[in-house]
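Everything below concerns the one structure shown next.
Just the heavy atoms: all of them, side chains too, but no hydrogens, waters or symmetry mates, feed the values below.
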Amino acid sequence: MGEIQRLPGFNVANHLEKRQLLIVINCVAALSIFFFGYDQGMMGGVNNAKDYIDLMGFGYVDPDTQEPIVTDSLLQGGIVSVYYLGTLVGCLGGGWCGDKMGRIKSIAIGAVWAIVGAALQCTAQNKDWMICARLVNGIGTGILNAIIPVWATETAEHTSRGQFIAIEFTLNIFGVVVAYWLSYGLSFIDNGTSAFRWRFPIAFQIIPLLLLLAIVWFFPESPRWLVKAGRDDEAQYVLRRLRGSTGDNALRADREYQDIRNISELEKRESTKNSYLHMLFGIGSGELHTGRRVQLVVWLQILQEWVGIAGVTVYAPTIFRIAGFDTDKSQWISGLNNIFYMFATLICVFTLDRIGRRWTLYWGAIGQGIAMFLAAAFSRLGQDARDVGNISLANSYGAAAASFVFIFTSVFGATWLTVPWLYPAEIFPLQVRAKGNAWGVVGWSIGNGWLTLLCPVMFNAIGENTLHIFGAANFLSLVVVWAFYPESNQRTLEEMDLLFASPSPFAWEAEKTFARLKAERPDLIGAGNGKGVGGQGTEEGESAESA
């Protein structure tokens, strides 16, 4: 097993093993994901704070109805969306750091950036200050989002990767819930006019970030990155602590280690250029087809936003106001919707590793598309009924529209929330896995930034028809996923190179090539075989094709 009998200093891997170690690793990962959710959900409440609206100068609060009136929707959306420019920059830096310096150091760097950004935001004195602070905060979030899913997937077993990531995203939506209800509660202080209403929620996110920064140093580095960095004894030790250090478990850990080593060596030979530009265009990646994988993860994240969640998460009160509810009730219902959203994510914990990534996206897109179309239709009917003075009927239609928004967010939480974050962390070669996952965050940043900027404009211009656009995007995504996204479920990270070895971009061709290469090179498969699932010989795939 090598000479290392324990890691230096205090490290939880010296004291815990197997499932206990995996659980605490995922608790730390969930802390970062909680911050991510909180940071996103926070701006929904901040955008309704009178002091914030006045200070930033994008509108005013009606003195009679207490409803926020936005006079400059581009400025309001711009302050929100500049954060996603930061995440785009941060994820690229985080991916580079993650592959160069390791997962643990990169997480710490991301936490520091995010702390600085949060401190700048909560002390902002004008719109320019706030825009710069949002940018800095976004950089920190981008770094964390590029690294955390990779660290989690590289330590988890291939049979339960989806479950662990899904649990983390339950914490993500818990962050959204905490942000929302904290802002809602603070709206009652000084009749909602106090600066505390928006400054405190922004400052609150510093607490989980400080905790993350303090404890991450005591956790083990990814064994796969350790192999990539040539620290083989340490990698073997960490793998044995993750999988078990006695009997069959130790043998399984050794097989997994050997697969990782084989693949690392093959990738070094196969892939000659690993910069972001080379990855984007697939230059120098040979049979690894890295460029195709980049396109898949970028567009999956963009699709995730266009199915409608960007509008629902950030501008849910607007949707409920369209449905006929007053400002206070709209915000209350939005908060309740987030609670349903959080509990719905638990469905994914139990289904993602059973039915796979593709079927999760399929049923999610169908449910979300139907819900969006019906929410739009009932919103229109409610407005028409209100216009002719039939308030009772309008309220009934409004309740129906709200219920379909609830259904949409619940289905999204059970399906599309998790898969676009898990898939990029799974499918890339070890040599560029952090950079590859960063490309997924690039897609998320583009999709989210684009829509948070456009949503206020779209709702102002075409009202509930915005939801029809989201509904159509869901059904379009069905075809895209079916055609281009091969299944990664129950396959080891090392098998992914076999899965993407086909020269064709179509999913069915990927499966045929995968089966052929496994049959031709059974010697390349080890760690996954015990489960009856194709083993680890991913990168080996490349060599298999070359052979």
Side-chain angles (χ1 to χ4, degrees), residues 91-92 94-96 98-99 145-147 149-150 153-154 158 161-162 165 224 228 263-264 266-268 270-304 356-358 361 419-447 477 480-489 491-514 517 534 536-545:
C91 73
L92 295 174
W96 182 87
D99 284 332
N145 287 354
I147 300 303
V150 171
T153 57
E154 287 186 333
H158 70 282
R161 278 196 311 264
I165 296 293
R224 287 172 166 83
K228 177 175 175 285
I263 295 229
S264 179
L266 285 165
E267 283 183 356
K268 286 175 184 175
E270 183 71 28
S271 184
T272 56
K273 299 181 186 297
N274 292 326
S275 74
Y276 282 116
L277 194 62
H278 291 117
M279 289 177 69
L280 178 61
F281 296 105
I283 299 169
S285 66
E287 301 295 339
L288 294 171
H289 297 123
T290 306
R292 183 192 308 162
R293 303 191 215 192
V294 168
Q295 295 297 324
L296 289 178
V297 301
V298 167
W299 284 104
L300 186 60
Q301 287 280 19
I302 291 175
L303 276 175
Q304 184 198 45
R357 314 331 180 206
R358 281 162 62 89
L361 294 175
V419 176
W421 289 100
L422 173 60
Y423 204 73
E426 290 182 310
I427 68 168
F428 280 96
L430 172 60
Q431 296 300 316
V432 291
R433 187 164 292 135
K435 286 181 182 174
N437 191 58
W439 276 114
V441 185
V442 167
W444 173 81
S445 301
I446 293 169
S477 72
V480 174
V481 171
W482 170 76
F484 299 111
Y485 289 80
E487 182 59 74
S488 60
N489 183 41
R491 286 166 172 161
T492 65
L493 296 180
E494 284 64 48
E495 278 186 299
M496 296 302 162
D497 289 348
L498 285 172
L499 188 60
F500 287 91
S502 169
S504 169
F506 295 111
W508 53 87
E509 293 296 333
E511 294 291 347
K512 287 179 187 175
T513 303
F514 177 76
L517 292 175
Q536 253 181 262
T538 326
E539 349 272 353
E540 329 172 81
E542 314 353 307
S543 112
E545 339 183 3

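Atom CZ of residue Phe281 and atom OH of residue Tyr276 lie 15.5 Å apart, to the nearest 0.5 angstrom. Residue Thr153 holds its OG1 atom at 5.5 Å from CG of Leu493, rounded to the nearest 0.5 Å. Separating the CG atom in Leu422 from the CG atom in Asn437 is a distance of 9.5 Å, to the nearest 0.5 Å. Between the CD atom of Gln301 and the CD1 atom of Ile446 there is a distance of 10.5 Å, given to the nearest 0.5 Å. If you take CD1 on Ile427 and CZ on Arg433, they are separated by 10.5 Å, rounding to the nearest 0.5 Å. Atom CD1 in Ile147 sits 7.0 Å away from atom CG in Asp99 (nearest 0.5 Å).
Using a 4.5 Å cut-off on side-chain heavy atoms (C-beta onward), Tyr485 and Leu361 make no contact. Side-chain contact between Arg293 and Leu288: present, with at least one pair of heavy atoms (C-beta onward) separated by less than 4.5 Å.
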Trp439 and Trp299: CA distance, side-chain angles, deciding distance, ring-ring contact (aromatic ring centres under 6.0 Å, His included) verdict: CA-CA 10 Å; Trp439 276 114; Trp299 284 104; over 10 Å; no

Under the side-chain contact (heavy atoms from CB on, under 4.5 Å) rule, what do Phe428 and Met496 come out as? Steps first, then yes or no, please. CA-CA 7 Å; Phe428 280 96; Met496 296 302 162; over 6 Å; no

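Although no hydrogens or angles enter the test, the distance criterion places no donor-acceptor pair under 3.5 Å between the side chain of Asn274 and the main chain of Val432. Between the Arg292 side chain and the Pro503 main chain, a donor and an acceptor come within less than 3.5 Å of each other.
Ring geometry for Tyr423 against Phe500 counts as perpendicular: the plane angle is over 60°, on a 0 to 90° scale with 30° as the lower cut.
The two atoms that bring Lys228 and Leu430 nearest to each other are CD-O, 3.7 Å, heavy atoms only. The shortest non-hydrogen separation linking Ser502 to His289 is O-CE1, 3.2 Å. Closest non-hydrogen pair, Gly356 versus Asn489, comes out as CA-ND2, 3.5 Å. Annotation for Ser275 and Lys435: closest pair CA-NZ, 4.3 Å, computed over non-hydrogen atoms. The shortest heavy-atom contact between Asn145 and Pro149 is O-CD, 3.2 Å. Closest of all the heavy-atom pairs between Pro424 and Pro420 is CD-O, 2.9 Å.
Legend: residues meeting ring-ring contact (aromatic ring centres under 6.0 Å, His included) with Trp444, ordered by chain and number and at least two apart, are Phe36, Tyr84, Trp421.
Screening Arg491, His158, Arg357 for a side chain to side chain donor-acceptor pair (under 3.5 Å) involving Glu426 leaves a single residue, Arg357.
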